[in-house]
Amino acid sequence: MSTNPTTAANLHNRARNWQGIAAAWTAIAIQHTLAGAGIRQRYKTHRDRAIRAALLRGVPVEPLANRLRLATNTVRAIKRGERTAE
């Protein structure tokens, strides 16, 4: 058995983790720049897609919600595809 840290599976997992982090950063940037000025629906849709992408790639709900300044229930509702009150 190889102990080489650069196996294909390891590289795939590392790339997937970075994709999740990048998606989380995108959601955070959208939320922070547009919150307070009345978020338009299309920006909210982009944010929700970025949140779902981050969650699908393993970013935990609680830290993501904290960084977005959203309630964890709101992030979970976005994950399920439900409409949110904000």
Side-chain angles (χ1 to χ4, degrees):
M1 180 137 283
S2 174
T3 58
N4 185 357
T6 58
T7 62
N10 187 21
L11 290 176
H12 182 269
N13 288 338
R14 290 174 72 187
R16 189 166 170 82
N17 288 342
W18 278 107
Q19 288 172 344
I21 291 168
W25 286 341
T26 302
I28 291 163
I30 291 170
Q31 175 69 13
H32 287 185
T33 58
L34 300 173
I39 300 173
R40 292 191 175 136
Q41 187 59 39
R42 64 184 170 133
Y43 293 116
K44 211 167 143 183
T45 302
H46 290 301
R47 180 204 64 188
D48 292 351
R49 279 191 207 141
I51 289 171
R52 282 189 215 101
L55 293 171
L56 285 173
R57 285 167 177 80
V59 176
V61 171
E62 288 78 15
L64 183 59
N66 289 336
R67 290 290 307 267
L68 289 168
R69 299 179 195 145
L70 293 172
T72 55
N73 290 338
T74 301
V75 174
R76 286 189 179 107
I78 291 169
K79 181 180 179 182
R80 291 187 303 264
E82 297 174 0
R83 299 186 117 213
T84 57
E86 45 88 33

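Sorted pairs that involve residues 17-29 and meet salt bridge (Lys or Arg N to Asp or Glu O under 4.0 Å), not counting sequence neighbours, are lacking altogether.
In the displayed structure, R80 atom CZ is contacted under 6.0 Å by more than 12 heavy atoms of other residues, nucleotides or ligands.
Looking at R47, R49, K44 one by one, the single match for side chain to side chain contact (heavy atoms under 4.5 Å, CB included) with I78 turns out to be R47. Test T26, I30, V75 against I51 for side chain to side chain contact (heavy atoms under 4.5 Å, CB included) and you get one pass: V75.
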Name the atoms and distances for all side-chain donor-acceptor pairs under 3.5 Å in residues 54-68, with sequence neighbours left out.
residue : atom : partner : partner atom : Å
R57     : NE   : Q19     : OE1          : 3.3
R57     : NH1  : A53     : O            : 3.3
E62     : OE2  : R76     : NH2          : 2.7
N66     : ND2  : E62     : O            : 3.3

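Rounded to the nearest 0.5 angstrom, K79 NZ and T72 OG1 are separated by 12.0 Å.
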